[in-house]
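Residue numbers start from 1 in every chain, and the chains themselves are labelled A, B, ... in the order their sequence lines are given, proteins ahead of strands. Nothing here was measured: the structure is a model prediction, and the numbers come from that model.
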Amino acid sequence: MVSAIKTEAAQEAERLLDAAWPLRLTPVDPIAIARTAGLRVVDAPLPEETLGALIKMPGEEPTIMINEGISEHRRRFTCAHELGHWVRRRADEEEYSSVDLRSPLSSDGDDPEEVFANEFAASLLMPEEEFRNAHTLGHNDILLGIKFNVSREAAQFRLKNLGLTSP
Amino acid sequence: MSRPSPSEGDEIGSVRKIEAEQVKVAKELLEEGHATDSAIPNEFRFLHEQAQLQDIRLRESNAKQDLELRETYAKWLLAILAIELVVVNVIFCLYAAKGRDWRLPDGVIQIWLGATVVQVVGIVTVVTRYLFPRRDLPA
């Protein structure tokens, strides 16, 4: 079940990359991708425990809100994560909203929506082909983190999930 | 799927409550205009335009190469045809003037000249059609 969700998330991320990030440059910019896909991305003084939110109000474009107080890596991941929630929504839905809270408060890690959004974010920010190529060139988790502009932990997770080991 | 225990249920309920409160706050911030559009690093601006420009340049380069190939092809074909025609005409004149000494049957020169005409017409037709395809026909 989890594996099927992750596979679907990875496929959706690839599809969005092909459509909105055709040059496949790294690091990937999730904000530019979101805007190309028709979403608004804003920084907002959200409460400390909230990383980001996806808000769609009737008659308006879907908006990704990012807590303006979080780090660059977290900001990028949050944007990609919210994009993951957005791709799961039907295009004709007029109103929806969700928030992502910091770890101790966040929903269960087995929540299919969260599993999907996390896998989607990882696949978007660290596209499999480019990530594997960089790994083949001998990049370790630190260099991979720099190349893809993600945290070292995120690069380590990606390595593990793709069945690779840090050289 | 297993049903959450009462304590787990309380925990999930409290998380949902916090999430609902945070959604309310987020909506208020958005409605009151406290959100500012996130900046995109300079290197990521105009990526679509860059991709389009790259595509146009690639098409232009392909078209240029195609044109050069056609030009070279046409020049060589026309040069070969010209040389062939000169040779054939020279031989024809020589044959006409001194044909008796060659003792070739008449059929040989007739076939040769006839074949040359067919070849010239055929090649010119093929080359012309390729270089200037009819626009009213599908490619």
Side-chain angles (χ1 to χ4, degrees), chain A residues 1 19-36 39-57 60-68 72 75-76 78-79 82 95-102 104-108 110-112 149, chain B residues 1-69 139:
Chain A
M1 170 90 175
W21 198 252
L23 302 182
R24 309 286 291 210
L25 300 171
T26 53
V28 172
D29 185 10
I31 296 173
I33 292 178
R35 291 208 176 129
T36 305
L39 286 92
R40 189 178 169 213
V41 185
V42 296
D43 293 319
L46 292 167
E48 199 186 342
E49 60 270 27
T50 305
L51 294 170
L54 173 67
I55 309 282
K56 166 82 175 84
M57 292 196 263
E60 289 183 22
E61 64 209 329
T63 302
I64 289 175
M65 298 179 77
I66 305 170
N67 190 328
E68 61 186 17
E72 171 68 9
R75 185 184 145 76
R76 287 165 46 75
T78 300
C79 184
E82 299 304 335
E95 188 173 7
Y96 49 80
S97 54
S98 63
V99 289
D100 281 288
L101 306 175
R102 285 181 197 274
L105 292 169
S106 63
S107 303
D108 194 348
D110 293 332
D111 179 351
N149 198 6
Chain B
M1 194 180 282
S2 64
R3 187 174 289 181
S5 65
S7 62
E8 283 173 337
D10 289 347
E11 204 176 306
I12 293 170
S14 100
V15 170
R16 296 281 177 253
K17 198 177 163 192
I18 295 171
E19 285 178 348
E21 286 166 5
Q22 300 303 324
V23 164
K24 198 179 161 197
V25 173
K27 279 184 177 175
E28 280 170 8
L29 286 170
L30 207 55
E31 281 167 354
E32 290 166 11
H34 293 304
T36 50
D37 286 312
S38 306
I40 292 180
N42 277 337
E43 64 267 31
F44 292 140
R45 288 188 181 180
F46 309 116
L47 274 178
H48 264 273
E49 288 76 4
Q50 283 179 39
Q52 282 175 343
L53 185 65
Q54 199 179 40
D55 190 45
I56 291 168
R57 283 188 180 148
L58 193 65
R59 282 166 194 257
E60 196 182 51
S61 160
N62 283 348
K64 201 176 164 189
Q65 281 178 8
D66 197 40
L67 194 66
E68 282 170 0
L69 184 68

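Residues B:Ser38 and A:Ile31 share a closest heavy-atom pair of CB-CD1, 3.9 Å.
Ranked by heavy-atom pairs shorter than 4.5 Å toward chain B, the options A:Leu54, A:Asp43, A:Val99, A:Ile55 are led by A:Asp43.
A distance of 9.5 Å separates CG in B:Leu29 from CG in A:Asn67, rounded to the nearest 0.5 Å. Between the CD atom in A:Glu49 and the CD atom in B:Gln22 there is a gap of 4.5 Å [rounded to 0.5 Å]. One finds the CE atom of A:Met57 at 4.5 Å from the CG atom of B:Leu30 (value rounded to the nearest 0.5 Å).
Around the CD atom of A:Glu48, the shell of radius 6.0 Å holds no more than 12 heavy atoms that belong to other residues, nucleotides or ligands.
The contact between B:Val25 and chain A is made entirely by side chain atoms (from C-beta outward), counting heavy-atom distances below 4.5 Å. In this structure, chain B has heavy atoms under 4.5 Å from both the backbone and the side chain of A:Leu46.
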